[in-house]
Amino acid sequence: MNTIALVGNPNSGKTTLFNALTGTNQHVGNWPGVTVEKKEGTLNFNGKKYNIVDLPGTYSLGAYSEDEVVARDFIMKDNPDIVINVVDATNIERNLYLTTQLLEMGTKVIIALNMMDEAKEKNISIDTKKLSKELGVPVIATVASKKNGIEDLIKKAIDFMEKEEISQNKIDYGKDIDLEINKLKEVIENANLNTGYPSEWIAIKLLEGDEYISKIIDKNILNIAQKSSDTIAVAAMEPELIIVDKRYEFIGNIVNKAVKKPKEEVITKSDKIDKVLTHKWFGLPIFALIMLAVYQLTFAIGEDILQEGLVAGMEALTEAIEGFLININAPELLTAFITDGILGGVGAVVEFIPLIMVLYLLLGILEDSGYMARAAYVMDRIMRSVGLHGKTFISMLVGVGCNVPGIMATRTLDSKKDRMIAILINPFISCGARLPIYLVFISAFFPKHKALILFSIYAFGFLVAIIMGKIFSKTLFEGESSYFVMELPPYRIPTLKGTLLNMWDKVSSFLKRAGTVIFAVVTILWVLSVLPYGVEPYSEASILGKIGTFIAPIFKPAGFGTWQASVGLFAGIVAKEAVVATLGMVYAGVEEGAKLISAVQGAFTPLSAISFMAMTLLYTPCAAVIGTIKRETNSTKWAAFTAFYTFAIGWIVSVLIFQIGRLFGLS
C-alpha cells in the first residue's frame, strides 16, 4: 500500500485535511520507541487504498523537539511515497519555511495551499501556477473544512507519486556555503556512513550545527565540518545564520512574484472578536464564564437528557442477566461476579459516558473554533508571573482530556527547566478519567450546584498546578524563563465531522479502558472481596476489607477513613476510572445510578465528599501517567518523585479541607 504523509505547521488545517481524506478509517497509536502520538488512516480512491500518516504539527524540521525529529525521520527513513505539505494561505511566508526544509531533503512534495477562503477574506491573492513554478512542485488550492480541492489534491498527489524523477528548485545558499556543502557531501559519501539520511542534507545540517546529526556522525567528519564552519565564519557570519537567511530570501523572492497583499492590513472578524475575548482585563473572566457554561451544558444535556436512558438500560440489562442466571441455576458466585462485580463495577463507570461525550464535544467545539488558542494567550501573563512558560498552559489544556498526552505535549518546550516543571505539575490537571468520581459525589451531595462545583474542581486543579510550578521554578529548577510566541488562528466554524471524530477518539479510549483495565481491576478486587471462602462478600472480613482496613487510618484525618474509600483510592492508582467501579462493587455490590449515589450518601458527608474529591483530583496519578513520566524524563527517580509528592499534596489538601471545615461547624 502506498503511503502519503501529511506535514504542516500547527493551525494550518492539517488535521482537518487528514479527517477529510480518511473519514472514520483512522486509528491512533505511538511511534515505535517513542511516545509521540501517531495518527494513521486509510484513503479509498478509485478502488485503491492509500495509507495516510498525519505527522506531528511543526514549524520546522530541526532537532529542537522530539516532534521535529519524529517528523523528519519518518520522511527520510520511512520513505513515504509522497509528502503533502499543508500550507496556510493566510500565513504563507512563515509556512513556506517548512517547505524549504522539505525541498532540502529531496523528498517528493506537493503543496496543499489551504484556507484559501480566509486568504480571500483578507484580500490576499495567490497565483498558484506561479507559486508552483517557483517552488518546482505542484500546488493545489484547498479549503479542507469545506472539502474544496480535496479530489484535485488526491489526483495530483497520485500522479506525482508515480513520477520517477522530480525537478524541485534548489535553494542558493551563496558561493561560500555551496562550496563547503559540496566538500562535506563528498567526504560523507566516501565514508559510506549508514545513517539513512542523504549526504547533501547531512552536510547542510552539520553546517547548521544540528546536535542530533552531530551525535551520529564520525568524529573526523565533525572536525572537517567545524573547519568548514570556521572558514565561512571568517569570510562572513556564522553558517547557520546564513542558511536561515538564504531560506527566507528564497521565500521572499517567491512571495513577491506569486502573492499580492493589500497595502493596508484588513481587519477581519477574528481581529474584532479578539479585542473582547483577549482583552487584558476581561479575557480571563470571559474564559472562566465560557468554561462554566461548558460544565452547565454538560449536565443539562448529558445528564438530564441522555444519561437517564442509559441508566435505565443498564438496570434492565442487569435484572435480565441476573434473572437468566438464576433460571439456569448458575452458581451463586458466578451470578454475584457478573451482576455485582462486572455490572456493578464497570457499569458504574459506563453510566457516565453521556456526560463525557457532551463535555468532550463542547471542548472540541472550542478547540476547533480557535478559542482554546486564545485561552492559552490569555493565561500567558499569569503563567509568566509565576515563572512558567506560556506554552505550559497548552500542555495543561491537553491534560484535561488525559494527562498522558498532556505530558507528551511538553515536548514542544525548548527549555529543559520549562519542560520538567510542566511534566511534574500536569498530573494536577483533572483528566476525563476522574470525571465519573466527581459526578457521583456531586449528584449525591450538591445536585443544585453541579456545574459550579465541577468548574471549581477543575479550576482548583489548575491553581494547585500553578502554585507548585512556582515552587519548582524557585527551588528544583532555577534558571532563566523563556519567551512565549504563539500564532492565533482565525476563528472558524467547527466542522461537525471533525468535532465528532475528536469526541469519539476520547470516548473510545475511555470505553477501551473500561473494557480492559477497569474490567481487570474489578475482577481482581471482586475475587479479593469474596475470599476467604465463607466470609460475607464485600465485608470488612474479606481480604479486600482487611487491605482497606490497614490503609484506612491514613485517610481518617481527611474524613473518609473507611476501608471502602481506601480500597477505591488504591484501585485508582491503576486507573482513575476504577475508583467509581470499585465503590460500585464494594458497597455490597450496588449497581449503577441511584443505588450507588444512595450508598455514597450513607458513607460520606458533604464535607468529607469535598475532601474525597480533592484527594482524587490531586493524589498519585494512574500507572499510565507514571509510566509516561518515566519515559519522557528517562528517569525512574522523577516518576517515583511524582507518585509520592502528588500523594502528599493530595493528603495535605484533603486533611486541611476537612479539619478547617469542622472548625467552621461544617459536616
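You'll find the ring centres of Phe472 and Tyr645 inside the 6.0 Å limit. In this structure, Phe393 has its ring center closer than 6.0 angstrom to the ring center of Phe462.
Between Glu208 and Arg247 there is a salt bridge, since a side-chain N of the basic residue sits under 4.0 Å from a carboxylate O of the acidic one. Asp54 and Lys14 are joined by a salt bridge, as a carboxylate oxygen and a charged side-chain nitrogen come within less than 4.0 angstrom of each other. With respect to Glu104 and Lys170, no salt bridge is recorded, no charged nitrogen being found less than 4.0 Å from a carboxylate O. Of the charged side-chain nitrogens involved, at least one lies within less than 4.0 Å of a carboxylate oxygen, so that Arg374 and Asp274 count as a salt-bridged pair. For Glu151 and Lys155, the salt-bridge test passes: some basic side-chain N is under 4.0 Å from an acidic carboxylate O.
When side chains are defined from C-beta on, Val53 does not count as touching Lys39, because their heavy atoms never get closer than 4.5 Å.
The local environment of CG in Asn634 is sparse, with at most 12 non-hydrogen atoms from other residues, nucleotides or ligands closer than 6.0 Å. Residue Lys77 places its NZ atom among more than 12 non-hydrogen atoms of other residues, nucleotides or ligands, all under 6.0 Å distant.
For Thr633, the side-chain contact (heavy atoms from CB on, under 4.5 Å) partners two or more places apart in sequence, or in a different chain, are Met420, Ile423, Ile629, Ser635, Trp638. Contacts of Lys275 classified as side-chain contact (heavy atoms from CB on, under 4.5 Å), with partners at least two apart in sequence or in another chain: none.
A donor-acceptor pair under 3.5 Å is absent between the side-chain atoms of Asn123 and the main chain of Pro262, judged by distance alone.
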Compile the donor-acceptor pairs under 3.5 Å between side chains in residues 219-227 and protein atoms, sequence neighbours left out, one pair per line.
{"unit_1": "Asn223", "atom_1": "ND2", "unit_2": "Lys219", "atom_2": "O", "d": "3.4"}
{"unit_1": "Gln226", "atom_1": "NE2", "unit_2": "Asp230", "atom_2": "OD1", "d": "3.0"}

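Checking each of Ile217, Leu61, Asp210 against Lys205 for a side-chain contact (heavy atoms from CB on, under 4.5 Å) leaves exactly one that passes, namely Asp210. With Thr142 as the partner, the side-chain hydrogen bond (donor to acceptor under 3.5 Å, both in side chains) test is satisfied by one option alone out of Asp152, Asp117, Asn114: Asn114. No option in Thr628, Thr410, Asn403, Thr642 other than Asn403 meets the side-chain hydrogen bond (donor to acceptor under 3.5 Å, both in side chains) test with Asn426.
Applying the ring pair (Phe, Tyr, Trp, His ring centres under 6.0 Å) rule to pairs touching residues 109-144 yields nothing, sequence neighbours excluded. For residues 177-209, the set of pairs meeting the ring pair (Phe, Tyr, Trp, His ring centres under 6.0 Å) definition, not counting sequence neighbours, comprises Tyr197-Trp201. Sorted by first and then second residue, the ring pair (Phe, Tyr, Trp, His ring centres under 6.0 Å) pairs with a member in residues 94-138 read Tyr97-Tyr248; sequence neighbours excluded.
Taking each heavy atom of Met1 and Asn51 in turn, the nearest pair found is SD-N, 3.4 Å.
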